[in-house]
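Here is the structure we will look at, set down as structure tokens.
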Amino acid sequence: PAGVVLLCGAEFEEPAEPAATLWPALEAGRDDEATGLIRAGSASVDAAGGPYLCSPLGWAALTGRAALARSLLELGASVSTAAERGSLPLHMAVWNGDNEEVVSALLEAGASADAPNGKGQTALDVARKLDALETSSAIESVYKLAEWRAVWGKPEAGRKRCIALLEQATTKEPAGGEPPGDDGAPEEPEEEPEEEPAPGMAVDGEGEGEADEVMAALEEE
């Protein structure tokens, strides 16, 4: 709190501590402080912020913080609030790992497995793409992601558990193939979605820059 400080015989007014704000608390991992601000009415549960201009729930999903995600859902967070470029919390939950608990919490709260991001991709599309990148391409060795996971305690490569959950929840692509069209014939396959960014890198699943660099590096090998 503000007060008066005596320094060399002179009195100086001590400035007040800056008020706690939502997004610095979220980005610093001070989850109790962040949820406390929301409970006190000092911040909106869906206030956009951070590097992707997403909701706090999107940030919790991206960073794999299941406890924070559940707390935000209890406080009324929307599962349908998109980041600046269109990704929903369910998409963001598969960006940086096999965050099964977060995906499960979002689905239980009513998140649609069929909802598209800004590129028309479902969370299942994104999870499959990143799973393939991590488990069957040279990207693992190029970026030494196995070492990165070991240092930061991240889960093993792939998105197998998330894919299984999303496959169960989706109605767009049930087991057995694409749903038939009106005439009973299979629909034409959709265009292949654009490449997603490399997992573990500080880019969002909607952006282009570093993802393009990743793919260019692989093509040059």
Side-chain angles (χ1 to χ4, degrees), residues 20-39 43-109 111 113 115 117-118 121 123-124 126-127 129-131 133-134 143 145-163 165-166 196-207 209-211 214:
T21 53
L22 179 63
W23 271 95
L26 288 170
E27 292 179 304
R30 302 193 302 271
D31 296 349
D32 289 343
E33 179 181 322
T35 53
L37 289 167
I38 295 169
R39 286 192 178 92
S44 167
V45 72
D46 291 320
Y52 311 118
L53 284 181
C54 64
S55 67
L57 183 59
W59 186 254
L62 167 66
T63 54
R65 283 138 74 182
L68 174 60
R70 292 189 183 279
S71 294
L72 292 168
L73 289 167
E74 290 171 2
L75 289 167
S78 171
V79 297
S80 302
T81 299
E84 182 180 30
R85 296 188 183 179
S87 283
L88 299 167
L90 194 58
H91 295 92
M92 299 179 78
V94 302
W95 285 356
N96 281 338
D98 204 8
N99 295 315
E100 177 186 22
E101 191 175 351
V102 178
V103 169
S104 179
L106 293 171
L107 291 172
E108 289 171 7
N117 62 10
Q121 301 165 317
L124 180 57
V126 176
K129 176 71 69 174
L130 294 176
D131 182 77
L133 278 172
E134 286 189 356
Y143 286 94
L145 293 180
E147 295 176 20
W148 175 84
R149 288 191 187 88
V151 169
W152 295 101
K154 298 293 182 180
E156 63 183 21
R159 304 289 187 279
K160 296 294 186 291
R161 295 188 298 274
C162 286
I163 288 172
L165 283 172
L166 292 166
E196 290 293 326
M201 297 178 67
V203 296
D204 69 37
E206 311 145 324
E210 285 158 300
V214 170

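Quick note: numbers below take in every heavy atom, side chains included, and nothing from hydrogens, waters or symmetry partners.
- For the atom pair NE2 (His91) and CG (Leu106), the distance works out to 11.5 Å, reported to the nearest 0.5 Å.
- In this structure, the side chain of Thr63 engages the main chain of Trp59 through a donor-acceptor pair within 3.5 Å.
- Across all their heavy atoms, Ala48 and Leu53 have their closest contact at CB-O, 4.1 Å.
- Interatomic distance, Asp31 CG to Leu72 CG, rounded to the nearest 0.5 Å: 8.0 Å.
- Residues Pro56 and Ala47 share a closest heavy-atom pair of CD-O, 3.1 Å.
- Between Leu62 atom CG and Leu57 atom CG the span is 11.5 Å, to the nearest 0.5 Å.
- Between the Thr21 side chain and the Trp23 main chain, no donor and acceptor come within less than 3.5 Å of each other.
- Considering all non-hydrogen atoms of both residues, Ala93 and Val103 come closest at CB-CG2, 3.8 Å.
- Taking 4.0 Å as the cut-off between side-chain N and carboxylate O, Asp131 and Lys160 count as a salt-bridged pair.
- To the nearest 0.5 Å, atom CZ of residue Arg30 and atom OG1 of residue Thr35 are 12.0 Å apart.
- Of the inter-residue distances, the one linking Leu73 atom CG with Leu68 atom CG reads 9.5 Å to the nearest 0.5 angstrom.
- You'll find the side chain of Val94 stays beyond 4.5 Å of the side chain of Asn99, heavy atoms only.
- Remark: Glu74 CD to Ile38 CD1 distance equals 12.0 Å, nearest 0.5 Å.
- Contact detail for Ala34 and Leu22: the closest heavy-atom pair is O-CD1, 3.7 Å.
- Annotation for Ser87 and Met92: closest pair CB-CG, 4.2 Å, computed over non-hydrogen atoms.
- What you find for Ala111 and Leu90 is that their closest heavy atoms are CB-CD2, 4.3 Å.
- Under the 3.5 Å distance criterion, the side-chain polar atoms of Glu84 are left unmatched by any main-chain donor or acceptor of Tyr52.
- Side-chain N or O atoms of Arg159 include one that pairs as donor or acceptor with a backbone N or O of Trp95 at under 3.5 Å.
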